[in-house]
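First the structure, in the form of structure tokens, and then the observations on it.
Letters A, B, ... are given to chains in the order of the sequence lines, protein chains preceding strands, and every chain is numbered from 1.
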Protein chains: 2
Amino acid sequence: MKLKEFARQLGLSPTTVSRALSGYPEVSEKTRKRVAEEAVRLGYRPNINAVRLVTGRAGAIGVVMGRTGEFHFAEYMSGMAERLDGEDIDILVSPTADRDLTDEVALYSRLATSGRVDAVIVHSPKPNDERIALLHELGFPFLVHGRSETDVPHAWLDIDNEGAIRRATSHLIDLGHRRIAMINGRAGRTFSLHRDKGYRDALQERGIPFDPRLVAHDHFTDELGFRYARSFLEQSPRPTAFVAGSMMTALGIYRAVRSRGLVVGRDVSVIAHDDVFPYLTADNMVPSLSATRSSMRAAGGRSADLVLQLLGGRAAEEIHELWPVELILRESTGPAPTDAQP
Amino acid sequence: MKLKEFARQLGLSPTTVSRALSGYPEVSEKTRKRVAEEAVRLGYRPNINAVRLVTGRAGAIGVVMGRTGEFHFAEYMSGMAERLDGEDIDILVSPTADRDLTDEVALYSRLATSGRVDAVIVHSPKPNDERIALLHELGFPFLVHGRSETDVPHAWLDIDNEGAIRRATSHLIDLGHRRIAMINGRAGRTFSLHRDKGYRDALQERGIPFDPRLVAHDHFTDELGFRYARSFLEQSPRPTAFVAGSMMTALGIYRAVRSRGLVVGRDVSVIAHDDVFPYLTADNMVPSLSATRSSMRAAGGRSADLVLQLLGGRAAEEIHELWPVELILRESTGPAPTDAQP
DNA sequence: CAAAAAATTTAAAACGATTTGGTTGATGCA
DNA sequence: TGCATCAACCAAATCGTTTTAAATTTTTTG
């Protein structure tokens, strides 16, 4: 059913009907109610594509999905989707080439100028992120999930990675650990740098020298967690504690520790960052995993919220949200062994 | 830049330009080439929403995302996205209420009639799935990922769950196992039923009685894997082997086995289904996990392909694809222990 | 009660493409 | 040459809304 036909059945003009449904003030309350009721009864719904054309709005938020299939991505998106339920806004997923950054910048450029989305979300930014510069230049609305030092105003939502890892590391030092390894995220990303900083600051505060041989930067997979942990544990003296970037990494570390005949929580302490997954929980690991925790799903939901505000006219420079991260101690952390030299 | 303006600069009519860009035959090769080049040079691109309005096509495929944040979802979508790169088709994600099925049917109905998507994908169907009946009734294009017995013609892509689990179970029987537990997916879904059938048939073939106390149906999480495995292992005689629905479930089972002081691959054999994740690999587990394997990412890519064919006019009843599943034996399976009664 | 102001409603003009139904001019054929 | 055919191009209608500017009706005011 089209607007024209629907309006005719109501004995009104298309104009009035359109306004009634969009909630404009210059329509009497009585008429509005009648229109709303009849719309439901007769099943009239505006053609979305006509609306998009005339308003210039796409009714969608763009998300670029890395080819490496990050597992936390689904949680984030699910949180977004949940929040967007009821709003008339969709989520649009674009694949990324994921090779060099040029490709990705081109992708964002296409996405922004394609008219398919009203805003995009930038994930895992770098301190100096070309995507952010580009989007700003295009004057296209976007929210950064993470942070960047790019010197243009932009909206962002991030968790306190630095503080979380500083506290985690400090705690390990308090427990007597001196050789603390860190398996961090991909090099160059701001969140990795923040975690690096938290780690190094904690060491420095207590006068423990930083040893680059105890630090790795890479994707979050159990295999890489295992490999790095294995190789670190071969050092002499070996590390007595690990700080890890993800649950998957932690799984790898647990395996590596076991494979050396050592025991997590006694010989080697582990703290990992937990994005809170319904299918893999830190509490259930054996031994239960001490973690810095922040819900990816909640971040997704809040991101959707903030994008909505951005589209509603709120200034990007006003939208900065830094979430604290919990540190939850469980069995995987314990006092440093006194016989750390095997 | 709009079509009219762009056409004027070329000294052509909008009609010809539009046709040149869309590859219609009634434009000379010379003109087409010139138009294409100038479009790039001057940066002309058709307004997507105008195209959508006039053609009635949305240029997007809809995917409904469960609230439970299934981890394999990201892989599937990433595969789709990869395949759709280059095509002018987006992926649109809708959240699902995930409560009762009525809500979900309503969601599919809204999605199909909203004009936002040209086709949708139905995940984890039931044998008699209302969503399929609805979409068929609406005459809306859709692809089922999985299978259903719903008696309307529909396109589907599925893996051979039944065969995979039958072979896995048979193999365990060959190894001498007699009490084989099964931690399956959510009850009622076709894939779970197929796996049940494969399991039961394998038992029956060898004259092993089916024991309902050794079977569970639930979500794929490590916690549930652990809990069910724990409780099964408390039985006497306890099971000597597990068939599990997912990698996460397998993680839970490994923990449960260890927590009883038993050893996977010696005291208890485990085979799980592996959707092939970059961040968690069966080969890297300790002991390495025997698995029935089929790539979710590949399924996503092929799904995108098939939807494209469907939209291209291929009949839904012609599109049926059943993928074989590999059985990969590793260290987690071994001969049944002779001293199975502790 | 008439004029002014306010509240409703409407006709028609966008929005920016595709597509229908021609119109040209060149070529082929008798 | 004359006529039909064909390749190449174009003017105008169309998709289904929203929105601008104007017309109508109703209410208020002096």
Return the polar atom pairs (N/O with N/O) between nucleotides 22-24 of chain D and the protein under 3.5 Å, or none.
none

Problem set entry | Rounded distance (Å) that lies between atom P of C/dG16 and atom CZ of B/R45 | 15 Å

Exercise. C/dG16 P sits how many Å from B/F6 CZ, rounded?
Worked result: 16 Å

When the side chains of residues 15-23 of chain A are checked against the rest of the protein, which donor-acceptor pairs come out under 3.5 Å, sequence neighbours left out?
residue: A/T16; atom: OG1; partner: A/S13; partner atom: OG; Å: 3.2
residue: A/S22; atom: OG; partner: A/S18; partner atom: O; Å: 2.8

For this session: Residues of residues 9-18 of chain B with any non-hydrogen atom less than 4.0 angstrom from an atom of DNA chain C: list those, numerically ordered, please.
Result: B/T15, B/S18

For this session: Return the value, rounded to whole Å, for the distance between atom CZ of A/R8 and atom C1' of D/dG16.
Result: 14 Å

For this session: Describe, in one word, how the ring planes of A/H154 and A/F142 are oriented to each other, choosing from parallel (under 30°), tilted (30 to 60°) and perpendicular (over 60°).
Result: parallel

Exercise. Whole Å only: how far is the CG atom of B/L3 from the P atom of D/dC10?
Worked result: 12 Å

Exercise. Once you round it to whole Å, what is the distance between C1' of C/dA17 and OH of B/Y44?
Worked result: 6 Å

Exercise. How are the rings of A/W156 and A/H320 set relative to one another: parallel (under 30°), tilted (30 to 60°) or perpendicular (over 60°)?
Worked result: parallel

Exercise. Of all the nucleotides listed (C/dT18, C/dA17, D/dC9), which has the minimum atom distance to the side chain of B/S28?
Worked result: D/dC9

Problem set entry | Atom-to-atom span, CG of A/L53 to C1' of D/dT17 - whole angstrom | 8 Å

Exercise. B/H145 and ring-ring contact (aromatic ring centres under 6.0 Å, His included): which partner among B/Y76, B/W323, B/F191?
Worked result: B/Y76

Exercise. Rounded to whole angstrom units, what separation is found between the CZ atom of A/R57 and the P atom of C/dC15?
Worked result: 16 Å

Exercise. OP1, OP2 of C/dT19 versus side-chain N and O of B/Y24: anything below 4.0 Å?
Worked result: yes

Problem set entry | Centroid-centroid under 6.0 Å between B/F71 and A/F71 rings | no

For this session: Please check the phosphate of D/dT17 (OP1 and OP2 only) for any side-chain N or O of A/T55 closer than 4.0 Å.
Result: no

Exercise. Within the side chain of B/R52, is there an N or O that forms a donor-acceptor pair under 3.5 Å with the backbone of B/G56?
Worked result: no

Problem set entry | For atom CD of A/E29 and atom C1' of C/dT8, their distance in whole Å | 13 Å

